[in-house]
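Since we're looking at a predicted model, the values are computed, not measured.
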Amino acid sequence: QVQLVESGGGLVQAGGSLRLSCVASGLTFSSYAMGWFRQAPGKEREFVGYISWDGGRTSYTDTVKGRFTISRDNRKNTVYLQMNSLKPEDTAVYYCAAGRRSIVTRDYDYWGQGTQVTVSS
């Protein structure tokens, strides 16, 4: 079966950095674009960014541009989300997803279980 497993979440102070990883199995990883989404308590899931199948194209929501960077290593079946200059507003459960390159959740076929990121002031 297809599995996406996120890791690297935790508690960090505002201004700090965190690197999330998502390891995929059960699919041809290089055939999929990979997206990152997040969901805060009481809020809808929102788009964070995506990366194309070969890593050649990335896109980010305006609130994280210049602070977050997505990368992927197809040999390791892994996508990363490097988060710098973290703000309390970044607190959420972060999810990785595999599918077509898109900013909407319904265009992704597979989802991880999520990892909690908490940013304190």
Side-chain angles (χ1 to χ4, degrees):
Q1 73 278 22
V2 174
Q3 286 189 307
L4 305 178
V5 181
E6 301 97 334
S7 62
L11 175 64
V12 65
Q13 289 189 331
S17 297
L18 214 54
R19 190 193 199 197
L20 306 184
S21 299
C22 173
V23 179
S25 61
L27 79 168
T28 303
F29 184 71
S30 60
S31 296
Y32 291 87
M34 298 294 296
W36 284 98
F37 294 79
R38 65 187 182 186
Q39 187 166 21
K43 303 289 186 66
E44 291 188 334
R45 186 166 44 187
E46 70 168 341
F47 168 75
V48 175
Y50 65 64
I51 186 167
S52 61
W53 69 273
D54 61 351
R57 181 176 298 175
T58 57
S59 185
Y60 305 91
T61 191
D62 286 344
T63 56
V64 308
K65 284 181 180 177
R67 299 189 298 121
F68 290 10
T69 303
I70 299 173
S71 61
R72 68 189 294 164
D73 185 340
N74 286 348
R75 296 186 304 168
K76 297 181 179 179
N77 284 9
T78 302
V79 63
Y80 305 94
L81 180 64
Q82 178 68 47
M83 304 184 293
N84 298 327
S85 302
L86 282 162
K87 305 174 181 180
E89 307 92 88
D90 296 318
T91 295
V93 177
Y94 283 71
Y95 300 89
C96 69
R100 63 180 293 167
R101 194 175 70 236
S102 175
I103 67 170
V104 298
T105 60
R106 59 183 169 88
D107 286 332
Y108 290 85
D109 300 313
Y110 306 107
W111 293 83
Q113 83 290 344
T115 186
Q116 177 71 48
V117 172
T118 303
V119 184
S120 62
S121 60

Exercise. Quick one: are Y60 and R67 in side-chain contact, heavy atoms under 4.5 Å?
Worked result: no

Exercise. So, do M83 and V117 sit near enough that their side-chain heavy atoms are less than 4.5 Å apart?
Worked result: yes

For this session: For the pair T78 (side chain) and V23 (backbone), establish whether a donor and an acceptor sit closer than 3.5 Å, ignoring hydrogens and angles.
Result: no

For this session: Just say parallel, tilted or perpendicular for the rings of F37 and F47, cut-offs at 30° and 60°.
Result: perpendicular

For this session: Kindly indicate whether the side chain of L81, heavy atoms from C-beta on, has any atom under 4.5 Å from the side chain of E6.
Result: no

Problem set entry | Check against salt bridge (Lys or Arg N to Asp or Glu O under 4.0 Å), D62 and K65 | CA-CA 5 Å; D62 286 344; K65 284 181 180 177; 3.1 Å; yes

Exercise. What residues, two or more places apart in sequence or in another chain, satisfy salt bridge (charged side-chain N to carboxylate O under 4.0 Å, His left out) together with K43?
Worked result: none

For this session: Determine whether T28 and S30 make a side-chain contact, defined as any pair of heavy atoms from C-beta on separated by less than 4.5 Å.
Result: yes

For this session: Indicate the ring-plane relationship of Y94 and F68, choosing parallel, tilted or perpendicular according to the 30° and 60° boundaries.
Result: tilted

Problem set entry | Non-hydrogen atoms of S102 and D107 that approach each other most closely | OG-OD2, 2.6 Å

Problem set entry | Side-chain heavy atoms of Y108 within contact of Y50, under 4.5 Å | yes

Exercise. Given side chains that start at C-beta, do those of Q3 and Q1 come closer than 4.5 Å, heavy atoms only?
Worked result: yes

Problem set entry | Atom CH2 of W53: over 12 foreign heavy atoms under 6.0 Å | no

Exercise. Less than 4.5 Å apart, any side-chain heavy atom of W36 and any of V79?
Worked result: yes

